[in-house]
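Predicted, not measured: the structure shown is a model, and the values here were computed from it.
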Amino acid sequence: MDNRKDLLKKSRTHHGGDIYSKGHEDLIDLSSNINPMKIPGKVYEKLPEILEKAGRYPDIEYSELKENISDYLNYLTGTQKFVKEYITVGCGAVDLIDKTISLFDHIVILRPSFSEYTASAVRYNKEIIFADRDMESERGVLKDSAAKKILNASGQRENTLVCLCSPNNPDGAVWDINALQNLLFELKKKNSSVMMDETFGEYMGDMNASSLHLTGKFSNLIVIKALTKFFGLPGVRLGYGITSDEKLSERISEKQTTWNVGTFASEIAGIMMRDREYIGKSIEINRERRSFLEEILERSDLFEEIFPSHSDFITAELKGTYNPHSFSEFLLHKGILVRNLSDMFPLGDSHFRFAVKDNGISLKLSEAMDAFKNTI
């Protein structure tokens with residue numbers, strides 16, 4: 001395993017969206033998974049009012065923000081069970097992930113997954129236990145076999161936090177709700193919990209598959225969401241956690257600085273979460289564009305495996321006859337940045353993640369991949 005310094009460095013340098021170090025801010029960026037839909041005009045219309053409010057400190061309890069999040073979650077899931085007392089806010093999802101991990105003794109991470117779970121565990125000198133998936137057999141939906149690997153990895157340890165992601169980054173697999181329920185039940189016996197990262201959750205399509213439905217039933221579950229991915233605002237840092245464990249919420253809040261979410265982020269979040277048209281269109285358009293991108297990748301005949309995704313990205317494994325470095329460099333030369341997943345163990349350098357953008361961009365990717373084949 002890499003040493004502490006290397007792991008922390010990777011968490012800062014191995015993310016998508018690094019257009020700056022490449023020297024081109026006009027690259028077609030297929031490495032970062034951000035909603036490509038334009039920010040609604042309502043946000044621009046309200047900017048003068050938002051800036052006026054930014055001239056004073058935000059509400060230290062974030063009451064209005066939590067009410068807006070509560071209303072949004074109730075709309076998203078078709079229920080009326082999310083109350084603001086369930087909600088904790090933070091400066092992006094990563095902030096809440098970091099603070100949650102700091103509260104447990106042992107951290108179980110199901111790989112491949114988001115590198116920040118490991119980085120936070122290293123930062124707080126936690127014991128890290130990895131459970132590695134077989135992505136060939138666990139395609140698209142994670143069930144009892146994945147849950148069993150997690151339970152075996154956690155052993156008899158108490159005060160363990162299991163870090164999961166649904167849809168999972170990088171392959172877009174979702175958790176079967178029954179398998180997750182069984183896992184939560186077994187972990188509760190050991191005074192252990194699950195942190196479910198659902199920052200891509202809206203893209204599931206069927207929100208009945210969301211772990212949000214289990215927060216009232218299992219106090220050992222915290223679900224993390226954010227404004228970043230689905231609402232296309234990575235520069236406006238706002239994340240939120242949902243749990244029925246009030247003590248856990250309090251302990252997370254104690255780790256945070258006062259006013260850790262600014263008025264600007266709070267106000268924009270309220271506008272975006274109330275824009276039902278934007279939300280519905282984003283989900284529908286992504287579904288159509290994801291299918292088109294999948295067809296493009298299949299038609300290229302460059303890939304050994306294309307993994308079924310429930311998110312706004314698709315992961316594919318390049319065939320062994322092609323050089324991964326040459327592939328990514330060729331695409332970069334054509335002005336297209338893709339995400340190589342060699343840092344996401346147990347994946348190798350032949351695995352790539354492609355963000356869902358508009359169909360015109362997917363066609364440009366197709367042309368570039370055809371040109372690459374002609375160079376071989």
Side-chain angles (χ1 to χ4, degrees), residues 33 76-79 97 106-114 117-118 128-157 160-190 192-225 242-243 283 287 290-291 294 304-317 341 344-347 351 353:
N33 315 309
L76 201 61
T77 59
T79 67
I97 287 167
H106 318 283
I107 308 299
V108 173
I109 299 171
L110 184 67
R111 299 188 296 188
S113 204
F114 188 37
Y117 311 145
T118 301
I128 306 171
I129 309 102
F130 292 115
D132 294 333
R133 285 173 51 206
D134 178 4
M135 284 178 57
E136 300 298 325
S137 61
E138 296 165 345
R139 292 169 50 84
V141 181
L142 301 178
K143 297 187 177 181
D144 291 330
S145 58
K148 187 175 180 181
K149 287 175 184 175
I150 290 165
L151 290 171
N152 288 340
S154 62
Q156 298 306 309
R157 299 173 180 87
T160 293
L161 180 69
V162 176
C163 299
L164 303 178
C165 187
S166 184
N168 188 55
N169 181 8
D171 63 307
V174 295
W175 268 88
D176 174 79
I177 202 75
N178 292 319
L180 180 59
Q181 197 163 210
N182 294 336
L183 176 62
L184 285 161
F185 180 77
E186 293 299 323
L187 289 169
K188 196 171 181 68
K189 294 177 185 176
K190 299 190 290 185
S192 295
S193 300
V194 167
M195 179 185 69
M196 180 63 81
D197 181 349
E198 278 201 18
T199 50
F200 300 101
E202 285 83 350
Y203 293 121
M204 288 181 188
D206 180 9
M207 288 307 295
N208 289 322
S210 171
S211 60
L212 285 165
H213 294 285
L214 300 179
T215 51
K217 186 175 181 180
F218 292 95
S219 60
N220 62 328
L221 170 66
I222 180 169
V223 181
I224 306 292
K225 293 184 70 61
I242 307 100
T243 181
I283 293 169
R287 187 186 301 115
R290 184 176 64 211
S291 294
E294 189 173 8
E304 188 71 35
E305 192 77 52
I306 299 169
F307 295 94
S309 172
H310 297 83
S311 193
D312 63 337
F313 50 81
I314 297 174
T315 287
E317 181 183 6
L341 301 174
M344 285 192 170
F345 190 87
L347 302 182
H351 290 84
R353 190 186 67 200

Novice: Spell out, as yes or no, whether a donor-acceptor pair under 3.5 Å connects the side chain of H213 to the backbone of M207.
Specialist: yes
Novice: Quick one: CZ on F307 to CD on E317, what's the gap to the nearest 0.5 Å?
Specialist: 6.0 Å
Novice: CG/D171 to OG/S113 distance, rounded to the nearest 0.5 angstrom?
Specialist: 8.5 Å
Novice: Once rounded to the nearest 0.5 Å, what's the spacing between atom OG1 of T118 and atom CD1 of I128?
Specialist: 5.5 Å
Novice: Would you check if the side chain of E294 reaches a backbone N or O of I314 as a donor-acceptor pair within less than 3.5 Å?
Specialist: no
Novice: Can a donor-acceptor pair be found, under 3.5 Å and without considering hydrogens, that links the side chain of S311 to the backbone of P167?
Specialist: no
Novice: When you compare the side chain of V108 with that of R157, does any pair of heavy atoms fall below 4.5 Å?
Specialist: no
Novice: Examine the side chains of S192 and N220 and answer whether a donor and an acceptor come within less than 3.5 Å of each other.
Specialist: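 Absent: no donor and acceptor within the cut-off.
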Novice: Side chain of S291, backbone of R287: donor and acceptor closer than 3.5 Å?
Specialist: yes
Novice: Could you give the distance from CD1 (I222) to CE (M196), rounded to the nearest 0.5 Å?
Specialist: 12.5 Å
Novice: Closer than 3.5 angstrom, by distance alone: can the side chain of T315 be matched with the main-chain N or O of P170 as a donor-acceptor pair?
Specialist: yes
Novice: For I107, does its backbone N or O pair with a side-chain atom of T160 as donor and acceptor, under 3.5 Å?
Specialist: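 Judged by distance alone, no pair lies under 3.5 Å.
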Novice: Between F313 and R353, is there a cation-pi geometry (under 6.0 Å to ring centre, at most 45° from the normal)?
Specialist: yes
Novice: Centroid separation under 6.0 Å, is that true for the rings of Y117 and F114?
Specialist: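 Close enough - the centres of the two rings lie under 6.0 Å apart.
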Novice: Any salt bridge (charged side-chain N to carboxylate O under 4.0 Å, His left out) involving residues 179-190? Give me the pairs, sequence neighbours left out, ordered by first then second residue.
Specialist: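 Pairs touching residues 179-190 that pass the test: E186-K189.
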Novice: Just distance, no hydrogens or angles: give the donor-acceptor pairs under 3.5 Å from side chains in residues 140-153, sequence neighbours left out.
Specialist:
unit_1	atom_1	unit_2	atom_2	d
S145	OG	E138	OE2	3.0
K149	NZ	E138	OE2	3.4
N152	ND2	K148	O	3.4

Novice: Under the side-chain hydrogen bond (donor to acceptor under 3.5 Å, both in side chains) rule, collect the residues that match up with R139, sequence neighbours excluded.
Specialist: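 In terms of side-chain hydrogen bond (donor to acceptor under 3.5 Å, both in side chains), with neighbours along the sequence ignored, R139 is linked to E305.
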Novice: State, yes or no, whether a side-chain contact exists between V194 and W175 at a heavy-atom distance under 4.5 Å.
Specialist: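 No, side chains not in contact.
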